[in-house]
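First the proteins, then the strands, lettered A, B, ... as listed; each starts at 1. In this text the structure is predicted, and so the values were computed from the model without any measurement.
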There are 2 protein chains.
Amino acid sequence: MNKIDIRYLAKELNLAISTVSRALRDSHEISPETKEKVFALAKRLNYQPNPNASGLRGQKSKIIAVVIPDMVNDFFSLVISGIEKITQAQGYHFLLYFTHGDHALEVSFINTLANGRVDGVLLSITDENNNNEHLEELNRKGIPLVLFDRVSERLDNVKVTSDNYESAVTATRHLIDTGCKKIAYLKVHKSIPVGTIRESGYLEALEKYSKQPAPLILECTNDNDEAFAAIRNMLEKEKPDGIFASLEKLAVVCYRVCEQVQLKIPEDIKVISFSNLQTAALLNPSLTTITQPAFEIGETAARELLRIIRKKGGAKGDVVLKSRLIERRSTSK
Amino acid sequence: MNKIDIRYLAKELNLAISTVSRALRDSHEISPETKEKVFALAKRLNYQPNPNASGLRGQKSKIIAVVIPDMVNDFFSLVISGIEKITQAQGYHFLLYFTHGDHALEVSFINTLANGRVDGVLLSITDENNNNEHLEELNRKGIPLVLFDRVSERLDNVKVTSDNYESAVTATRHLIDTGCKKIAYLKVHKSIPVGTIRESGYLEALEKYSKQPAPLILECTNDNDEAFAAIRNMLEKEKPDGIFASLEKLAVVCYRVCEQVQLKIPEDIKVISFSNLQTAALLNPSLTTITQPAFEIGETAARELLRIIRKKGGAKGDVVLKSRLIERRSTSK
DNA sequence: TTGAAAGCGCTAACAA
DNA sequence: TTGTTAGCGCTTTCAA
């Protein structure tokens with residue numbers, strides 16, 4: 001079986017290679033009949049141009065890189081799905097990289113990417129406190145970069161984020177508005193920066209809208225049993241009437257503690273939680289959630305990146321997407 | 001800023017391009033001193049070879065394609081993570097494609113891939129009942145293909161799967177062994193083939209190990225409220241003492257129904273479910289689960305594919321990985 | 001041990 | 001409207 005390249009098509013049709021090339025790209029300087037013939041043969045032989053060749057020639061690959069910490073929670077899965085929708089629609093491909101929280105790995109990925117492998121990069125920064133010389137280098141090389149979710153204000157690139165601070169205010173205020181007098185905030189160990197931002201929102205809302213004398217912040221570890229014990233202890237000692245969980249996992253643990261100590265949600269205690277889990281609605285019909293627009297973050301970031309790659313100009317498009325507060329009462333009557 | 005290609009390195013060092021190329025590939029026919037100099041400069045300038053150029057020249061890209069239905073549940077996220085581990089370790093990259101259950105899209109992806117863009121393909125077939133002419137074409141073109149999870153016996157490629165049938169037998173038998181006399185099977189609408197395989201396992205176990213006079217199969221829709229109503233109805237009418245859920249989502253709904261109708265798990269009714277959700281352990285301390293080795297499926301499939309790409313020979317390595325039954329009693333005492 | 005040069009498949013500038 | 005040809009950056013054969 002002969003390999004089917006543009007030269008083969010040209011020979012078959014008794015045309016010059018360049019004519020075939022132009023016909024395939026639907027150039028206006030090729031007669032309709034010729035195009036017709038070329039298209040027909042290309043289709044019949046299922047001709048696919050070699051992307052290395054056109055990439056080498058044109059210095060573009062139609063591939064973007066997506067660099068994220070990992071996929072252990074639903075958030076990034078949803079982001080990826082959003083990205084996929086856009087790349088697929090616009091004829092792009094994407095390579096996926098996980099840094100696993102390792103800044104050095106991020107640096108290494110970014111460096112090996114800056115060589116024509118990809119036309120642009122979508123990045124959720126692994127360690128927002130670390131330096132980003134590697135990203136500035138990427139900028140210097142002129143490779144489009146769009147940051148999402150975990151961004152760095154020190155960089156001038158387009159950023160797509162969600163309203164972590166405002167939505168934490170909203171969530172806390174929601175508890176206050178529904179009558180909570182003593183609201184606890186469940187946070188995870190400090191290494192997750194988003195936990196701190198959300199904490200600020202919690203504090204802000206308490207100060208502005210509540211008479212609660214002091215904040216009540218419980219820092220939990222990643223160990224479920226430890227978290228369980230800590231939350232139980234706090235519940236019994238402090239007797240809060242509202243809980244704001246910064247992560248869904250903590251809310252689920254909290255929910256189980258409530259079961260065990262016979263606290264009814266939402267009658268005895270109200271719980272609100274950040275959540276991306278699609279099964280959240282199933283877990284507990286009374287768990288009010290704040291959901292980040294993960295899919296939309298992916299879509300928006302990808303759209304922005306492709307816009308830059310195509311030099312469509314327009315304003316520098318930082319975007320902050322709104323989280324949604326979903327109050328559940330009786331999911332299935 | 002000059003672009004840093006191999007020619008630039010050669011000029012800087014007063015060497016021929018070919019010498020630099022050989023040095024970079026650590027060829028034995030280059031003197032240690034020369035290599036030293038080349039490495040040093042390459043490192044200092046952060047030289048990265050252009051993958052299009054080497055790909056074009058060498059007819060390989062160091063990229064594989066991963067084609068899956070979607071990422072709406074944890075299973076494929078975990079598979080991807082396993083694939084990433086292997087590609088990353090072996091210096092490969094991967095492109096990710098979602099077919100969204102659309103066979104035509106799968107055909108289109110496979111066709112556009114067969115042109116040097118990737119060195120191999122990892123595929124979980126979208127529609128196992130459809131024809132796979134496109135895959136046979138891929139085989140004819142000599143592009144390595146490894147199938148995982150959703151495979152086709154009509155194809156001769158390496159297949160990596162898990163023991164859906166056997167583990168369904170195990171799960172059912174587990175219920176029988178712990179004393180259940182009337183076990184219901186919750187399945188989803190037929191379009192998910194794995195549901196049918198698991199059903200066979202359920203039937204097999206009933207017949208072999210139980211005296212239950214007739215199977216009790218409830219087919220649920222994808223709508224949660226509908227599923228809730230159906231399960232509730234079945235529970236009240238049939239009063240089973242064991243439930244085998246073919247999907248975690250169904251188990252969660254089932255769990256909520258039990259709460260509502262005041263059935264205690266596992267005292268009044270035992271529930272076992274397939275599950276990949278990492279938070280499963282949190283949901284219900286008494287939910288026994290069967291977990292597919294999703295991460296390992298990804299690892300194994302990727303390893304097999306890279307082995308084939310590198311023509312490392314060896315036996316044709318179909319692999320069936322074992323699911324794990326996890327019985328939970330008191331997760332957090 | 002090193003260098004010169006062909007050529008991977010494609011696009012586009014230039015020529016006809 | 002079509003054809004000829006240079007060259008994208010790299011690897012590798014052949015020559016020195």
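In terms of position on DNA chain D, the residue among B:Arg22 and B:Asp5 whose nearest nucleotide sits closer to the 5' end is B:Asp5. Heavy-atom nearest nucleotides on DNA chain C were determined for A:Asn52 and for B:Ser31, and the one closer to the 5' end corresponds to B:Ser31.
For the pair B:Ser21 and D:dT12, the criterion of a side-chain N or O lying under 4.0 Å from OP1 or OP2 is not met. At C:dG9, none of the side-chain N or O atoms of A:Tyr47 fall inside 4.0 Å of OP1 or OP2 (strictly under the cut-off). Residue A:Ser54 places no side-chain N or O under 4.0 Å from the OP1 or OP2 atom of C:dG9. OP1 or OP2 of C:dT2 sits under 4.0 Å from a side-chain N or O of B:Thr34. Side-chain nitrogen and oxygen atoms of A:Arg25 include none within less than 4.0 Å of the OP1 or OP2 phosphate oxygen of C:dC10. The side chain of B:Gln48 places no N or O atom within less than 4.0 Å of a non-bridging phosphate oxygen (OP1 or OP2) of D:dG9.
The aromatic rings of B:Tyr97 and B:Phe109 sit tilted relative to each other, their planes meeting at an angle between 30° and 60°. The aromatic rings of A:His134 and A:His103 sit perpendicular to each other, their planes meeting at more than 60°, with 30° as the lower class boundary.
Atom CZ of A:Arg117 is separated from atom P of D:dG9 by 16 Å (rounded to the nearest Å). Between the C1' atom of C:dG9 and the CG atom of B:Leu56 lies a distance of 5 Å, rounded to the nearest Å. One can place CD1 of B:Ile6 at 15 Å from C1' of C:dC8, the figure rounded to the nearest angstrom. Distance CG (A:Asn14) to C1' (D:dG3): 13 Å, rounded to an integer number of Å. Between B:Leu24 atom CG and D:dG9 atom P the separation is 16 Å, expressed in whole Å. We find that NZ of B:Lys3 is positioned 14 Å from C1' of D:dC10, with the value rounded to whole Å. Per the geometry, CZ belonging to A:Arg7 stands 9 Å off P belonging to C:dC10, to the nearest Å. Computed from coordinates, the B:His28 NE2 to C:dT1 C1' distance equals 11 Å when rounded to whole Å.
Among the protein residues, A:Ser18 comes within range of the nucleic acid bases, having at least one heavy atom under 4.0 Å from a base atom. Among the protein residues, A:Ile17 comes within range of the nucleic acid bases, having at least one heavy atom under 4.0 Å from a base atom.
You'll find that the side chain of A:Ala53 is closest to C:dC10, out of D:dT1, C:dG3, C:dC10.
A salt bridge is defined here as a Lys NZ or Arg NE, NH1 or NH2 lying under 4.0 Å from an Asp or Glu carboxylate O, and A:Lys37 with A:Glu33 fails to meet this definition. Residues A:Arg150 and A:Glu128 are not paired through a salt bridge, judged by the lack of any N-O separation under 4.0 Å between the basic side chain and the carboxylate.
Between the side chain of A:Thr300 and the backbone N or O of A:Glu296, at least one donor-acceptor pair lies under 3.5 Å.
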